[in-house]
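Report on the following structure.
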Amino acid sequence: MSIVWSFSSLKTFQQCPKKYYHTKIAKDVVEPDTQATLYGKTAHTVAEEYIRDGKPVPPAFDYMLPVLETLDVIQGEKLCEVKLGLTENLESCEFSAPDVWWHGIADLVVINEEKQLAHSVDYKTSKSARYADVKQLDLVAAGIFAKFPKVNKVKSALIFVVSKEFVKATHYREMMPKYVEKPAQDVARIEAALKNGVWNPIQGPLCKFCSVRQCEYNRS
């Protein structure tokens, strides 16, 4: 049985299969927005409107301006909030296509077909890059290679706009199958859990913040 997955949903399963079940399969638990997630959404909108429309950055987000100015001078076609999709055969498809296997959204993609190059950017509003996970960049790069066949190289970055830290990676078209190899193994674990109906909870320090009240480890 196949599922549609994203980097964030895979992280949820890795954190706790039971949480994944209730939020992604049964959908009887909706995780509420927090102050941090709402702030992050606003920051993403500020960045998108500056790059796409040239809209001035509000004073509260002035700290983002040096980063955004650096991105704005990159040569190429700038695309914001790019929806990407892959089939199981790693072919490009629409974000919500019937045969979509993986999907994700790239905050900013700059395409330079002349150089067969793309830049891929994901904005982060956490205060430190200490726990940065570049596997997200791997998946987005795979989606870019599929969607833009003239691109053979992707320069990717997680940009922490608060701390002004850049976590970079370079991706190559010939490595595309490798970028999804490990995540595909985890997806197979989700499909096995779906088939068997077994979603074992994992106890950890985040249990007290979890929205899944049906769990024996929930202490909220």
Side-chain angles (χ1 to χ4, degrees), residues 2-15 24 37 40-41 43-48 50-52 64 67-68 70-72 74-97 99-113 115-126 129 131-161 165-187 190:
S2 297
I3 62 163
V4 180
W5 61 283
S6 65
F7 176 77
S8 60
S9 68
L10 204 60
K11 294 287 284 187
T12 298
F13 181 81
Q14 293 166 346
Q15 178 191 345
K24 307 298 182 183
T37 58
K41 289 178 180 179
H44 277 71
T45 299
V46 167
E48 178 183 357
Y50 176 86
I51 296 292
R52 186 193 63 208
M64 294 176 59
V67 170
L68 295 178
T70 298
L71 297 175
D72 201 35
I74 296 175
Q75 291 185 344
E77 181 185 7
K78 296 177 179 66
L79 307 170
C80 298
E81 296 296 304
V82 182
K83 292 185 176 181
L84 302 167
L86 288 174
T87 67
E88 285 195 75
N89 294 325
L90 304 187
E91 297 173 346
S92 179
C93 66
E94 294 300 316
F95 185 87
S96 299
D99 58 344
V100 67
W101 178 60
W102 165 87
H103 60 194
I105 300 176
D107 291 339
L108 173 64
V109 177
V110 184
I111 302 294
N112 189 324
E113 290 189 351
K115 295 183 177 181
Q116 300 180 326
L117 173 68
H119 292 264
S120 171
V121 171
D122 189 89
Y123 307 113
K124 298 295 183 184
T125 51
S126 23
Y131 299 107
D133 191 340
V134 296
K135 289 188 287 294
Q136 176 182 357
L137 298 177
D138 295 346
L139 294 169
V140 170
I144 290 172
F145 287 131
K147 188 176 182 68
F148 301 97
K150 292 185 179 180
V151 171
N152 289 321
K153 181 179 178 180
V154 177
K155 291 185 176 181
S156 308
L158 298 173
I159 298 183
F160 290 77
V161 294
E165 295 176 270
F166 291 68
V167 178
K168 299 180 181 180
T170 302
H171 298 90
Y172 300 92
R173 176 173 290 277
E174 59 267 26
M175 294 293 292
M176 184 177 166
K178 193 72 176 177
Y179 300 142
V180 300
E181 184 177 344
K182 177 59 173 65
Q185 295 172 4
D186 289 327
V187 172
I190 297 176

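Note: hydrogens, waters and symmetry copies are ignored here, and every other heavy atom, side chains too, is used. Positions are given from 1 along the sequence.
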Discussion item. Looking at D107 and Y123, would you say the former's side chain and the latter's main chain have a donor-acceptor pair under 3.5 Å?
Written reply: yes

Between the NZ atom in K83 and the OG atom in S96, the distance rounded to the nearest 0.5 Å is 6.5 Å

- Query: Is the number of heavy atoms from other residues, nucleotides or ligands within 6.0 Å of NZ (K24) greater than 12?
  - Reply: yes

H171 vs L137 side-chain heavy atoms within contact, under 4.5 Å = yes

Across all chains, not counting sequence neighbours, the side-chain hydrogen bond (donor to acceptor under 3.5 Å, both in side chains) partners of Q15 are none

Could you check whether any side-chain heavy atom of F148 comes within less than 4.5 Å of a side-chain heavy atom of L79, counting everything from C-beta outward?
yes

Between S6 and H103, do the side chains contain a donor N or O and an acceptor N or O under 3.5 Å apart? no

Tightest non-hydrogen contact, residues L90 and P177, listed as CD1-CA, 3.9 Å

Any side-chain heavy-atom pair of D186 and Q14 under 4.5 Å:
yes

* Asked: Any side-chain heavy atom of V187 within less than 4.5 Å of one from F13?
  -> no

Those residues at least two apart in sequence (or on a different chain) that pass side-chain hydrogen bond (donor to acceptor under 3.5 Å, both in side chains) with Q136 are D122, K124

For M64 and A47 the tightest heavy-atom approach is CE-CB, 3.9 Å

So CD of E94 and OG1 of T87: to nearest 0.5 Å the spacing works out to 12.5 Å

Which of I111, V109, V140 passes side chain to side chain contact (heavy atoms under 4.5 Å, CB included) with V82? It is V109

### Full working for side-chain contact (heavy atoms from CB on, under 4.5 Å) between K150 and Q116
CA-CA 6 Å; K150 292 185 179 180; Q116 300 180 326; 5.5 Å; no

| task | Answer yes or no: is there a side-chain heavy-atom contact under 4.5 Å between H119 and K155? | result | yes

Between C80 and R52 the two heavy atoms that sit nearest each other are SG-CB, 3.9 Å

| task | Measure the shortest side-chain to side-chain distance between W102 and L84 over non-hydrogen atoms and say whether it is less than 4.5 angstrom. | result | yes

_Main-chain N/O of V151 paired to R173 side chain as donor or acceptor, under 3.5 Å_ = yes

NZ (K182) and CG (L139) are apart, to the nearest 0.5 Å, by 11.5 Å

Do the charged groups of K11 and D133 touch, with an N to O distance under 4.0 Å?
yes

Separation between CD (E165) and CG (L158), nearest 0.5 Å, reads 11.0 Å

Between M176 and A142 the two heavy atoms that sit nearest each other are CE-O, 3.4 Å

Rounding to 0.5 Å, atoms CD1 (I159) and CG (L108) come to a distance of 8.0 Å

Between P183 and W5 the two heavy atoms that sit nearest each other are CB-CH2, 3.5 Å

Interatomic distance, NE2@H44 vs CD1@I105, rounded to 0.5 Å, equals 9.5 Å

Looking only at heavy atoms, the pair that brings T170 and Y179 closest together is O-OH, 4.3 Å

